[in-house]
Structures are given as C-alpha cells and as structure tokens.
Asks: 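Before we start, here is the structure in question, set down as structure tokens.
Side-chain atoms are counted along with the backbone in the values below, which use heavy atoms only and exclude waters and symmetry mates. All figures in this text were calculated on a predicted structure; none of them were measured in a lab. Throughout, protein chains are lettered first and strands after them, A, B, ... in sequence-line order, and every chain is numbered starting at 1.
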Amino acid sequence: MALSLRSIRNSALIVVLLGIPVLLLRSSAQDPHRMSAFDRAVRRIGAPLEAAVSYSAGMLGAFFERWVLQARLQDTNERLAGENRELRQRLRELVHLQEENQQLRRALQMREKVPEDMIPAERVGVDQSPFFRVVNIRIDRGREYARPGMAVLSPDGVVGRIDKALDDYSDVMLITDPRSKIAVELSRTKAQGILEGRTEDSCTLEVSKDYDVELGELVLTSGVDELFPKGHPVGQIIEIEPLVGDQQRLHVVPSVRFDRIDVVWVVLANAPHADPRGEREGPAVQARGLQPVTP
Amino acid sequence: MLRAFVYLMVGWILIAVVGGMADVLSLTIMLPATSVVILTHAAFSQSTTVPLGLFVAIALGYLEDLHQGAPIGTLSLAHGLCYLVLRWASGRLAITGFVLRAAAGLVSALLLDGLTLAILFVLADPLGVPREALLGATGVLHWHALATLLVAPPLWSGLDRLLVALKLDDRPPQQAYWTGK
C-alpha cells in the first residue's frame, strides 16, 4: 500500500507533536518544581484573564450568596413575625389574666375585711342605655341564694341591690337607678341622708346647709337601712347645688365603674352586733339567702 | 487554522472559568473537564487536520498542566493521546443529539483520566508522586466524569453556535447544531 506524502508528513508531525509533551515530562522528571521561562510567560499572559474570570465568578458568587442570604433572612423574618404575633397574643392573654387576678385578689381581700356574710357572684350580662351607660347588670346567682333587696358590693364600693331573683340569675338594680335609695353619710362631716339614683351615671343626696360640705368628699353607707353594711364607699361629691330653704343638693358620682365589674359580692346577712360585755353569744342574724327561700 | 485558534481560546477561557467557579463554590472534585469536551468536538467535527487538532489538544493539556499544578507534560501528553483515540473513534461513530454528546463527554473524561493516571503511575518515581495517592484518586473519577457529562451538551452546542457565528462552519445552522426540533 502506497503511502502518500501527505500521510507521511502528518505522521511525522504527530510524532513530533507527541514528542513535545514527552520532552516536557522528561524535564519535569528531572526537576518537578522548575518552571521554564516559557511556562512563566504563558502564566503571565493568562493571569489577567484568570483574574478577570475569578473576579467575575466572585461577584456572581457574592450575588448568589447575598440572594440566598436574603431569602434566608426573609424566611427568618416571617418565622419571627409569626412568633411575635403568637407572643403578642399570649401577652394580651396574660395581661387579661393579670387584671382578672388582681380583681380576684381585691375581691378576696374585701371578703376578709368585711364581716358580713357574703357570697361571690360573677357578672354574666349588662343592660346598656342608648348612650352606652350600664343601667343594669345580671349576676350568676339565682333565687337559691339571692332574693330581692340584698345588697351587692364590689371591692370599689356599693353596686346596688338585687332587683329580681330568677332561677339561674339575678338582676341588680344599680345605685344610679331612679328607684334606688340608700342610707348614706358623708365621710368628713358625718351628714346623713338618702342617696337617690338620678341619671345613668350620677346620684343625688340632700343634706342641711348647716354642714360644710366640700367637693370631692366621700360618701359612705351609713348602715341605717340595715340593707347595706356600714362604711362602704358609695361615691364622691362632684357638685353642690344650693336649694331654696335650708337644704343643699349634692351630686354624687359612683365609686364603682359598672362597665368594668366582673365579680361582685351579694350580702346574705349583716354581721351580728358587737356584744359590749363579751359574755353572751350574740343573737343569730338570719341569713337572707343561703337557705332556699320559701315563698 | 482559525478554527484551531478558536478552540484554544475557548478552552483557555473555560479553564479559567472552571477554576474561578470552583474557587467561589468551593468545589474540589465535581469539576467538569471542559478541555475534553472541546477535544471531542474537534475530533468528531473532523474540520481540522489531525496534526492541527493534536496541536490544540497538547496546547490545552499544557494549559491544564499550568493551571492544575500538575507536572508539566502530564496532561499535555494525556490530552494528545486522548485526541488521537477520539479522532480514531470519529471515523467509526457519529455523535448527534444531547444524549450522545453527554455520553461522549462522560467517556472522554474517563479516557483522559485513565491516560493521566497511567502516565503518572508509570512516572511516579521520577516525578515524586506517591502511587497510593494515585490509587486513592481513582475513587473520585466518577464525579469528574459526571460533571463533564452535564456540561458536555450545552458546551458542545455553544461551540457549534460560536463557529457558525464566526463563519468557521459552512454547514447550515440546522445541520451545524441541533436545534431541538
């Protein structure tokens, strides 16, 4: 088979070309760490290219890393926002529980301070006027315990009286009700009178002009009516209105915020009178509601 | 000649790109052998003479030697021999489509790695390379081949498009590169 000149030339070129790496390998085998001037020149020529590519790749990598970081931050942000919502909700619940706890503590303290026979009741409903004033509240004690006329107190003061006692609940007539009348006295001057409900958020009391009444003076129950225990706060004088004659009318704002009541106390029986001699047992005061009421 | 220059330049750029990306992404073993894909393209396109293709292969191998810090001549010789084998195979096989290009990249990468390890194994003593390290390197060759498999089809298509754009491939575009239709 005849070989063409071109084939011979190509074969020779292939051999020569393969000889180049063989020679390079031989040189490397003699000194593996030596770089020739040609090697250094090639590296010098390629260095800017490699630097540019590395820089671009670095920028791309930094962008990618930042993008991933932002995505992670977004995920973290959403997770923290969810936790924040949950914790805020829990905080609101805790605040509510704290307020409830404080009210219950005050109610318990009141129970320890007041000698009357009382039973706690929870507010289960309110009636409001068209102006959003509370005009009547409903408690969860029915006729088994309560009966009309029993006093209803709260840690802040007098709430009113049982108006209607039904099977499972009772309606309370507030001291601001126009039908309400309570025997009261002023804390400083000791002037006594009958506090009558007037409007949805105030009461009035008429006393003699002989008493030097001041604005802001406290009004307390006098106990004369034997319905309300003596000495419980009822309200505060906010206006003094002189009347024709020797009387003056005092406008009283209740000390109790009826829209914030949760727990009240129903007075079942007044405390027995103190025995000055301390020898005999005091006369038993009949409880008003603990026993089932017989019609 | 110009086509060989394009192969050389593209190969040089890709060597630098792979090095840069490896540095950024902290990759050490799953790096594609882009030079092998270029060699395969050059061999199977048969648009250059064998000596010119061999020159491109040895030059790319030399650049790989410099870049990878291998003993100078190792990858040059491996690339040259790999090109000759691929050129011989190109007379018996045709490569069309993404799958065959990917398979060609995989086989070529394994061939190149095998030749490189063989050269280093033979010259381990004079080059001061421990043979145990060479045996250990055989365990990660599949990652190298797998990365080349993934890179081969897009790189092959890119080379086709570049050669057509530079008017170095006179075939119509539908024949010069696979359009997917």
Side-chain angles (χ1 to χ4, degrees), chain A residues 1 3-69 71-72, chain B residues 8-27 48-67 69-84 87-88 115-116 119-120 122-129:
Chain A
M1 188 170 61
L3 291 172
S4 66
L5 184 63
R6 184 173 179 151
S7 297
I8 294 170
R9 193 193 66 180
N10 281 351
S11 300
L13 275 172
I14 289 169
V15 171
V16 169
L17 284 169
L18 284 177
I20 295 172
V22 172
L23 288 174
L24 288 172
L25 265 174
R26 186 168 176 269
S27 172
S28 293
Q30 288 173 351
D31 186 0
H33 304 293
R34 191 179 69 85
M35 284 187 78
S36 67
F38 183 74
D39 297 341
R40 286 195 293 272
V42 171
R43 292 217 68 157
R44 199 171 296 128
I45 292 168
L49 171 68
E50 292 177 13
V53 168
S54 293
Y55 178 76
S56 304
M59 291 290 287
L60 189 67
F63 172 77
F64 181 72
E65 196 172 352
R66 180 175 289 185
W67 181 67
V68 170
L69 184 66
R72 282 182 186 165
Chain B
L8 206 53
M9 285 297 106
V10 171
W12 200 354
I13 290 169
L14 286 174
I15 288 169
V17 168
V18 170
M21 293 303 288
D23 182 43
V24 170
L25 300 176
S26 301
L27 291 174
T48 56
T49 61
V50 177
L52 193 55
L54 182 61
F55 171 76
V56 171
I58 291 171
L60 284 174
Y62 173 73
L63 291 173
E64 290 272 17
D65 276 334
L66 284 179
H67 205 270
I72 304 294
T74 311
L75 287 168
S76 308
L77 185 58
H79 275 70
L81 294 173
C82 183
Y83 175 77
L84 290 177
R87 185 71 186 222
W88 171 80
L115 288 169
T116 307
I119 293 168
L120 287 173
V122 170
L123 299 174
D125 290 333
L127 292 174
V129 179

Asks: Do the side chains of A/Ile20 and B/Tyr62 get nearer than 4.5 Å, heavy atoms only?
Replies: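 No, their side chains stay 4.5 Å or more apart.
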Asks: In terms of heavy-atom proximity below 4.5 Å to chain B, should A/Arg6 be classed as side chain, backbone, both, or neither?
Replies: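 For A/Arg6, side-chain heavy atoms alone lie under 4.5 Å from chain B.
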Asks: Could you tell me whether the side chain of B/Trp12 reaches within less than 4.5 Å of the side chain of A/Ile45, counting heavy atoms only?
Replies: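 SC-SC contact between A/Ile45 and B/Trp12 confirmed.
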Asks: Heavy-atom distance under 4.5 Å to chain A: side chain of B/Ile58, backbone, both or neither?
Replies: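 Contact with chain A is through the side chain of B/Ile58 alone.
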Asks: Find the distance between CG (B/Leu127) and CD (A/Gln30) and round it off to the nearest 0.5 Å.
Replies: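 That separation rounds to 11.0 Å.
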Asks: So B/Pro51 and A/Leu17, do their side chains get closer than 4.5 Å, heavy atoms only?
Replies: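 They are in side-chain contact.
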Asks: Taking C-beta and beyond as the side chain, do A/Leu13 and B/Leu52 meet within less than 4.5 Å on heavy atoms?
Replies: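 No, every pair of side-chain atoms sits at 4.5 Å or beyond.
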Asks: Does any heavy atom of chain A fall under 4.5 Å from the side chain of B/Leu63, the backbone, both, or neither of them?
Replies: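 For B/Leu63, the contact with chain A is made by the side chain alone.
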Asks: Under a 4.5 Å cut-off applied to non-hydrogen side-chain atoms, are B/Thr49 and A/Arg9 in contact?
Replies: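 With C-beta onward as the side chain, the pair stays apart.
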Asks: Provide the full list of side chain to side chain donor-acceptor pair (under 3.5 Å) pairs with a residue in residues 71-81 of chain B, sequence neighbours left out, each pair given once.
Replies: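 Listed by first then second residue: B/Asp65-B/Ser76.
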Asks: Please classify the contact between B/Ile119 and chain A as side chain, backbone, both or neither, with a heavy-atom cut-off of under 4.5 Å.
Replies: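 The side chain, not the backbone.
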Asks: Under a 4.5 Å heavy-atom cut-off, does chain A meet the side chain of B/Leu84, its backbone, both or neither?
Replies: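 For B/Leu84, side-chain heavy atoms alone lie under 4.5 Å from chain A.
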Asks: How would you list, by chain and number, every residue that makes a ring-ring contact (aromatic ring centres under 6.0 Å, His included) with B/Tyr83, sequence neighbours excluded?
Replies: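 Testing B/Tyr83 for ring-ring contact (aromatic ring centres under 6.0 Å, His included), a comparison that skips the adjacent residues, returns none.
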Asks: First locate atom OG of A/Ser28, then atom CG of B/Leu123, and finally report the distance between them rounded to the nearest 0.5 Å.
Replies: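 Those atoms lie 9.5 Å apart.
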